[in-house]
Participant: 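Just dropping this structure here.
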Amino acid sequence: MDALWRKSRSRGRLLVFAAVFVWYAGSVSCFGQSQDSEFTFLLPAGRSECFFQNAIKNGTMEVEYQVIAGAGMDVDFTVLSPQGIRLIYESRRSDGVHVVEPTEEGDYEICFDNSFSRFSEKMVFFEIIIEGQGGDVGGDDEWAGLEEPEGSLLEYKLEDIRESMESLYKRLERSRQMQTVLRAFEARDRNLLEDNLWRVSFWSCASVVVMLCVALTQWLGRAGTCGGRLY
């Protein structure tokens, strides 16, 4: 009996390990179908650019944008529904975060407008996060073939592993998104500092040149006055 119990216990562990291996093999396809996207582009002066994002019904779409370079650091921002209805509009803003919930099935139009600027082009970063009705991860089908009788040890182990991996994936994905946004803020601050540094350096050099010209003019004037007195 003891040998039979050990054999059944070993078989149960092998089944758990096999299930975990199958889950890891399918995790690439399960987690790789993320609809999140991020993009950095150059918006010319006097023009507008539009992007289209497909969304599912009763989901959530979050759009975050940031102007990271360009004079004024501002653009006009618009989001249109698949039916052409304007949902969000902002004028002359440098950044913003907007959530559309619930979404309709179809393509949403996301536009950035720089037509009010005649000379300055803008560099814009934006990120789109799409979440379905059941969350970011739609991997329920990956577990369909791993069915066991109710109350078995394998069922509880698979459920625990699934919850842990989904929670880890969501936290890592949120960390990646926050790091991307922070990099965009860092790029904007760096560009702003470099632009201010150029302005400060230019006007400092101009002030020094003016001071030298004034000093040279005064010195020549005094030298001419002293020379006239000698004669």
Participant: Going by side-chain heavy atoms closer than 4.5 Å, which hydrophobic residues are tied to F116, directly or by a chain of links?
Facilitator: none
Participant: Would you please test T40 and I68 for side-chain contact (heavy atoms from CB on, under 4.5 Å) and show each step?
Facilitator: CA-CA 9 Å; T40 302; I68 59 179; 4.1 Å; yes
Participant: Only counting residues at least two apart or in another chain, list the ones meeting side-chain contact (heavy atoms from CB on, under 4.5 Å) with V214.
Facilitator: V210, Q218
Participant: Under the ring pair (Phe, Tyr, Trp, His ring centres under 6.0 Å) rule, collect the residues that match up with F125, sequence neighbours excluded.
Facilitator: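 With sequence neighbours excluded, F125 shows a ring pair (Phe, Tyr, Trp, His ring centres under 6.0 Å) to no residue whatsoever.
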Participant: If the condition is side-chain hydrogen bond (donor to acceptor under 3.5 Å, both in side chains), which residues does S94 pass it with, not counting sequence neighbours?
Facilitator: none
Participant: If the condition is ring pair (Phe, Tyr, Trp, His ring centres under 6.0 Å), which residues does F51 pass it with, not counting sequence neighbours?
Facilitator: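 For F51 the ring pair (Phe, Tyr, Trp, His ring centres under 6.0 Å) partners, ignoring immediate neighbours, are F39, F41, F126.
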Participant: In terms of side-chain heavy atoms, does E90 have a donor or acceptor partner in H98 at a distance below 3.5 Å?
Facilitator: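 Distance-only check passes for E90 and H98.
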Participant: Mark yes or no for whether T78, through its side chain, and C111, through its backbone, hold a donor-acceptor pair below 3.5 Å.
Facilitator: no
Participant: When you look at I110 and V63, which way does the side-chain contact (heavy atoms from CB on, under 4.5 Å) test go after all the steps?
Facilitator: CA-CA 9 Å; I110 302 169; V63 182; 4.0 Å; yes
Participant: For L212, what are the other residues in its hydrophobic cluster, where any two members join if their side-chain heavy atoms are less than 4.5 angstrom apart?
Facilitator: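 Members alongside L212: V208.
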Participant: Could you tell me whether the side chain of N114 and the main chain of P44 form a donor-acceptor pair under 3.5 Å?
Facilitator: yes
Participant: Tell me, please, which residues at least two apart from F119 pass ring pair (Phe, Tyr, Trp, His ring centres under 6.0 Å).
Facilitator: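 Once residues adjacent in sequence are excluded, F119 has no partner under the ring pair (Phe, Tyr, Trp, His ring centres under 6.0 Å) criterion.
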Participant: My understanding is that only residues two or more places apart in sequence, or in another chain, count here; which of them pass side-chain hydrogen bond (donor to acceptor under 3.5 Å, both in side chains) with E105?
Facilitator: none
Participant: Checking side-chain contact (heavy atoms from CB on, under 4.5 Å) for the pair F112/D76: CA distance, chi angles, key distance, verdict?
Facilitator: CA-CA 6 Å; F112 300 89; D76 293 343; over 6 Å; no
Participant: Going by the rule side-chain contact (heavy atoms from CB on, under 4.5 Å), which residues pair with S167 if we only count those two or more places apart in sequence or in a different chain?
Facilitator: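 Listed in chain order: R171.
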Participant: Among residues at least two apart in sequence or on other chains, which ones pass side-chain contact (heavy atoms from CB on, under 4.5 Å) with S120?
Facilitator: A71, S117, K122
Participant: W198: which residues meet the ring pair (Phe, Tyr, Trp, His ring centres under 6.0 Å) condition with it, sequence neighbours left out?
Facilitator: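 Applying ring pair (Phe, Tyr, Trp, His ring centres under 6.0 Å) to W198 gives F202.
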Participant: What residues, two or more places apart in sequence or in another chain, satisfy side-chain contact (heavy atoms from CB on, under 4.5 Å) together with E121?
Facilitator: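 Only L42 meet the side-chain contact (heavy atoms from CB on, under 4.5 Å) criterion with E121.
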